[in-house]
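Proteins get letters first, then strands, A, B, ... in listed order; numbering begins at 1 in each. Just so you know, these numbers come straight off a predicted model, no measurement behind them.
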There are 2 protein chains.
Amino acid sequence: MDTPDRLIESTRELLWERGYVGMSPKAIQQRAGAGQGSMYHHFSGKPDLAFAAITRTATELRAAAEAQLSGPGTATERIATYLRRERDVLRGCPIGRLTQDPDVMADPALRRPVEETFAWLQDQLKGVLAEGRRRGELDAALDPASTASTIVAVLQGGYVLARAANSTAPFTQVVDGVLGLLAAHAASPGSSSPTQGAHGLCS
Amino acid sequence: MDTPDRLIESTRELLWERGYVGMSPKAIQQRAGAGQGSMYHHFSGKPDLAFAAITRTATELRAAAEAQLSGPGTATERIATYLRRERDVLRGCPIGRLTQDPDVMADPALRRPVEETFAWLQDQLKGVLAEGRRRGELDAALDPASTASTIVAVLQGGYVLARAANSTAPFTQVVDGVLGLLAAHAASPGSSSPTQGAHGLCS
DNA sequence: GTCTATATACAGATAGAC
DNA sequence: GTCTATCTGTATATAGAC
């Protein structure tokens, strides 16, 4: 790995652990084993490095989600694969945490990949759910868009609860819960769906 | 409001906006209209002030939740009142955001009120759900504990999605979604509940 | 109680030698 | 490309006068 790469990886880790505000250039350099001059030769400064780090993390996250969501199996199975893949639950979501970082949200360039990643993820899930519905795997009354949002919200909230409790248990619990809900919306063979309202997993 | 109070309020705001890591003593003083010496006379330093601020915020949050959850109405109605109360959605959750703050989570004294608030909230919701079930308002198969966790996760995830999108719409959407789910678990009059698994809102 | 002075370290770079 | 100054400002206090 060359120096720019090590600097980006170092920045990614620190961004995940401490956020943009809690990360100093010095810490980036030390973790990367690079000098001051080296860092400023390859990058214009902290925002530039953060941009490279965030976009790389976002790209990886998309690639992973895409792999799991486009694998074999029913819609529900693929979503289960995605939600249950191995995660560093107690470290939190490397993209979701940036949402709380005032300096990231204040900078349009840094903010954009965060916003786009969430939009993309919701859209992917929506696509999988819509496909499941078309194939007759899922209840025709289920709304793909709001269900997708709810799944992402449960995921992000699961991280928060896990960190608050310093335990992965709440994360596992809510993920199991949302998957159970999805299972409850499997189309009953031979019966066109009943159910009420127009909301998310319930609609 | 006396000087210590103004300092605590100032700290609460900064903690909410910028987090512990992003908040300096100088900023606290300026916002409170207090001098350096004054701040260090009343508080031993940044951690001491943060502790006062966090516990105050936690206390207020509990009082508000308790008021809404113990009001009149069915279990579902009270939870709807709680979830739909006015919130500064785009500012995020003042307690939940601390979960991402490395220096808060590393300090047991600062961490405890965060952990306890989430535990308390889940327990309150669990109580309301259990009561609703006892009264026959909710499906007997619904699990109060995991449903409570899911509700809190959706709430916290809703904040994340809202901040990512810079819009309150995703928050409203997921809150409506989870309330719709709860409505779908209203005990059907005269029919003992069907449904599958043992998970959260679905169980 | 509040103010001003002082202090050490770090943040976040820039400049120029090698 | 990398290293070593150098620089301005802030972080986070402590000390002592008033």
Side-chain angles (χ1 to χ4, degrees), chain A residues 1-56 97-98 100-111, chain B residues 1-56 97-98 100-111:
Chain A
M1 215 165 42
D2 62 5
T3 300
D5 251 12
R6 288 202 320 278
L7 285 164
I8 293 175
E9 288 304 309
S10 164
T11 304
R12 293 216 300 157
E13 290 173 21
L14 284 164
L15 228 31
W16 197 355
E17 289 169 25
R18 306 198 35 85
Y20 184 86
V21 152
M23 168 187 75
S24 73
K26 187 180 215 171
I28 295 171
Q29 292 149 210
Q30 285 175 340
R31 197 174 286 225
Q36 185 102 323
S38 190
M39 183 189 117
Y40 283 104
H41 173 74
H42 295 291
F43 298 93
S44 71
K46 184 173 155 174
D48 189 23
L49 255 166
F51 179 75
I54 293 172
T55 52
R56 182 177 290 186
R97 72 116 57 233
L98 299 175
Q100 304 295 335
D101 212 310
D103 292 1
V104 169
M105 298 316 268
D107 180 335
L110 298 182
R111 184 207 169 78
Chain B
M1 214 163 46
D2 62 5
T3 300
D5 252 12
R6 288 202 322 277
L7 285 164
I8 293 175
E9 288 305 310
S10 164
T11 304
R12 293 215 300 156
E13 290 172 21
L14 284 163
L15 228 31
W16 197 357
E17 288 169 23
R18 305 198 37 85
Y20 184 87
V21 151
M23 168 186 77
S24 72
K26 187 181 214 170
I28 294 171
Q29 293 150 209
Q30 285 174 341
R31 198 175 285 224
Q36 184 101 324
S38 190
M39 184 189 117
Y40 283 105
H41 173 74
H42 295 290
F43 299 93
S44 70
K46 186 174 155 174
D48 189 24
L49 255 165
F51 179 75
I54 292 172
T55 51
R56 183 177 288 187
R97 72 117 55 235
L98 298 176
Q100 304 294 333
D101 212 310
D103 293 2
V104 169
M105 298 317 267
D107 181 336
L110 298 181
R111 184 208 169 78

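- Here A:K46 reaches the OP1 or OP2 of C:dG12: one of its side-chain N or O atoms lies under 4.0 Å away.
- Per the geometry, CZ belonging to B:F43 stands 13 Å off P belonging to C:dG1, to the nearest Å.
- Look at CG on A:D103: it is 14 Å from C1' on D:dT10, rounded to the nearest Å.
- Using a cut-off of 4.0 Å between Lys/Arg side-chain N and Asp/Glu carboxylate O, B:D5 and B:R56 are scored as salt-bridged.
- Looking at A:R6 and A:E9, no side-chain N of the basic residue comes within less than 4.0 Å of a carboxylate O on the acidic one, giving no salt bridge.
- For the pair A:S38 and D:dC3, the criterion of a side-chain N or O lying under 4.0 Å from OP1 or OP2 is not met.
- With sequence neighbours excluded, the residues forming a side-chain contact (heavy atoms from CB on, under 4.5 Å) with A:P4 are A:D2, A:H42, A:F43, listed by chain and number.
- For A:Q36, the side-chain atoms get nearest to C:dA13 when compared with the rest of C:dG12, D:dT14, C:dA13.
- Looking at heavy-atom distances under 4.0 Å, A:M23 makes contact with sugar-phosphate atoms alone, never a base.
- Atom C1' of nucleotide D:dT14 and atom OH of B:Y40 are separated by 9 Å, given to the nearest angstrom.
- Note: CG (B:L14) to P (D:dT10) measures 16 Å, nearest angstrom.
- Across the protein-nucleic acid pair, A:M39 atom CE and C:dT14 atom C1' stand 12 Å apart, rounded to whole Å.
- For C:dA11, one of the phosphate oxygens OP1 or OP2 lies less than 4.0 angstrom from a side-chain nitrogen or oxygen of A:S24.
- Using a 4.0 Å heavy-atom cutoff across all strands shown, B:G37 reaches at least one base atom of the nucleic acid.
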Practice problem: Evaluate side chain to side chain contact (heavy atoms under 4.5 Å, CB included) for A:L15 paired with A:Y20, printing each intermediate quantity in order. | Solution: CA-CA 5 Å; A:L15 228 31; A:Y20 184 86; 3.9 Å; yes

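- Across the protein-nucleic acid pair, A:K26 atom NZ and C:dT8 atom C1' stand 12 Å apart, rounded to whole Å.
- As rounded to whole Å, 17 Å separates atom P of D:dA13 from atom NE2 of B:H42.
- Contacts of A:S10 classified as side-chain contact (heavy atoms from CB on, under 4.5 Å), with partners at least two apart in sequence or in another chain: A:L14, A:I28, A:R31, A:A32.
- Nucleotide D:dA11 holds its C1' atom 13 Å from the CZ atom of B:R18, rounded to whole Å.
- A close approach under 4.0 Å does not occur between any side-chain nitrogen or oxygen of A:H41 and OP1 or OP2 of D:dC3.
- Of all nucleotides listed (C:dA13, C:dG12, D:dT2), C:dA13 comes nearest to the side chain of A:P47.
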